[in-house]
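This report concerns only the one structure given below.
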Number of protein chains: 2
Amino acid sequence: MAGIKDYGFRMTPQRMAILDFLEGNTSHPSAEEIYQAVLQKYPMISFATVYNTLEALRKNGKVWELNIDDDRKRYDPNTHSHHHLLCTKCRKIVDIHYDFDLRFPDEQTQGFKVTGSHVEFYGLCQDCAEMEESK
Amino acid sequence: MAGIKDYGFRMTPQRMAILDFLEGNTSHPSAEEIYQAVLQKYPMISFATVYNTLEALRKNGKVWELNIDDDRKRYDPNTHSHHHLLCTKCRKIVDIHYDFDLRFPDEQTQGFKVTGSHVEFYGLCQDCAEMEESK
DNA sequence: TTCTCTGCAAATGCTTTGCAGAGGC
DNA sequence: GCCTCTGCAAAGCATTTGCAGAGAA
């Protein structure tokens, strides 16, 4: 079982369950979805624990918190540089693995020290696009 | 005074005040900041009206709703293609006007029909970077 | 005159917090 | 055994909504 050394915080069954669910997950779940999923295997978990764990994971660089969705945060266990494509209808998010050239002229930074970047694409997923067409 | 033809919705003094404040504004204000600013000139405006107007403007393509900030939406009256740079400390947002090459291989889209894109940069603004250094 | 918009206040929904007890290290 | 983590419940905020009256077109 992974110990404190691997994650920088105390390991508990609840946190193990959350990590298990997130491991390799590419669905970009919300806190609610994570809570519901963990509830299946671990009926005694609370929302506070989910948020607490996600915050701990975020601080330790184990998950990304995505603001791409209008009304809830989404979480991504893949913290290797990648980008996202959001369906504006069903809110599905998929990964874009491509190394864009995001350099731009220094005079635009207004003195900022840039530390990271992220590209968001918007569109309609196949299912939603087909539904639009058949209207 | 601008009429319904220009905006696609009924013009009222409250809406004029909001439009006046947003006109040319590059501070990417939140709803709260817009409310506070309009309150100065127009003491009888309510929050509901601010949100209602912003939603009407958004639907008519007159403002962008930015999700770049963690815990509140930010509004941008500049709807010409551009990107943003956020200070992760003071949450200041500045515009990046640069035409990035955001093409990527079709096989990554998973059938999505892409309709838009936006690049977010993160970093520290000059003031915050200097504060960090002098610690 | 018509019908959308307004202000108010309450509701909603996501996220955070206080606290006392549990349990990982 | 110490101290962080947990569950619960309540609080905190941003945003939305219901409604009756006001006022723009």
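No hydrogens, no waters, no symmetry mates; every other heavy atom, side chains included, goes into these values. We name chains A, B, ... by the order of the sequence lines, and we start the count at 1 in each one.
Within the helix from C/dT1-D/dA25 to C/dC25-D/dG1, the inter-axis angle between the opening and closing five-pair segments is 50°, rounded to 10°.
Distance A/Glu65 CD to C/dT15 C1': 10 Å, rounded to the nearest Å. Taking atom CD on A/Glu55 and atom P on D/dT4, their separation rounds to 16 Å, with Å as the unit. Straight-line distance from the OH atom of B/Tyr42 to the P atom of C/dC5: 15 Å, rounded to whole Å. A straight line from CZ of B/Arg74 to P of D/dC13 spans 18 Å, rounded to a whole angstrom. In this structure, the NZ atom of B/Lys59 is 13 Å from the C1' atom of C/dT4, given to the nearest Å. The nearest whole Å value for the distance from the CD1 atom in B/Ile45 to the P atom in C/dC5 is 14 Å. To the nearest angstrom, P of D/dG21 lies 16 Å from CE of B/Met44. Rounded to an integer number of Å, the gap from OH of B/Tyr75 to P of D/dA14 is 12 Å.
Nucleic acid contact for A/Gln14: sugar-phosphate only, since backbone atoms but no base atoms lie under 4.0 Å from a heavy atom of the residue. Among the protein residues, B/Asn52 comes within range of the nucleic acid bases, having at least one heavy atom under 4.0 Å from a base atom.
Of the candidates D/dC5, D/dA9, D/dT6, D/dC5 carries the atom nearest the A/Phe9 side chain, counting heavy atoms from C-beta on. Side-chain atoms of B/Ala48 lie closest to C/dA9 of the nucleotides C/dT15, C/dG24, C/dA9. The side chain of A/Met11 lies closest to C/dC25, out of C/dT16, C/dC14, C/dC25.
Checking each of B/Val50, B/Ile45, B/Asn25 against B/Ile34 for a side-chain contact (heavy atoms from CB on, under 4.5 Å) leaves exactly one that passes, namely B/Val50.
Between B/Ser46 and C/dT6 there is no side-chain N or O to OP1 or OP2 distance below 4.0 Å. For the pair B/Thr12 and C/dC5, the criterion of a side-chain N or O lying under 4.0 Å from OP1 or OP2 is not met. Side-chain nitrogen and oxygen atoms of A/Tyr51 include at least one within less than 4.0 Å of the OP1 or OP2 phosphate oxygen of C/dT15. Taking only side-chain nitrogens and oxygens, A/Arg15 comes nearer than 4.0 Å to OP1 or OP2 of D/dT6. At the phosphate of C/dT6, neither OP1 nor OP2 sits under 4.0 Å from any side-chain N or O atom of B/Arg10.
B/His83 and B/Asp95 are not linked by any side-chain donor-acceptor pair at a separation below 3.5 angstrom, with hydrogens and angles left out of the test.
Aromatic ring centres of A/Phe121 and B/Phe112 lie farther apart than the 6.0 Å criterion allows.
Note: B/His97 and B/His82 have parallel aromatic rings, judged against thresholds of 30 and 60 degrees for the angle between ring planes. Taking the six-membered ring for Trp and thresholds of 30 and 60 degrees, B/Trp64 and B/His118 have ring planes more than 60 degrees apart, a perpendicular arrangement. Taking the six-membered ring where tryptophan is involved, the planes of B/Tyr35 and B/Phe47 are essentially parallel, since the angle between them stays under 30° and well short of 60°.
In summary, A/Glu65 and A/Arg74 do not engage in a salt bridge, as defined by a charged side-chain N under 4.0 Å from a carboxylate O.
The local environment of CG in A/Asp101 is crowded, with over 12 non-hydrogen atoms from other residues, nucleotides or ligands closer than 6.0 Å.
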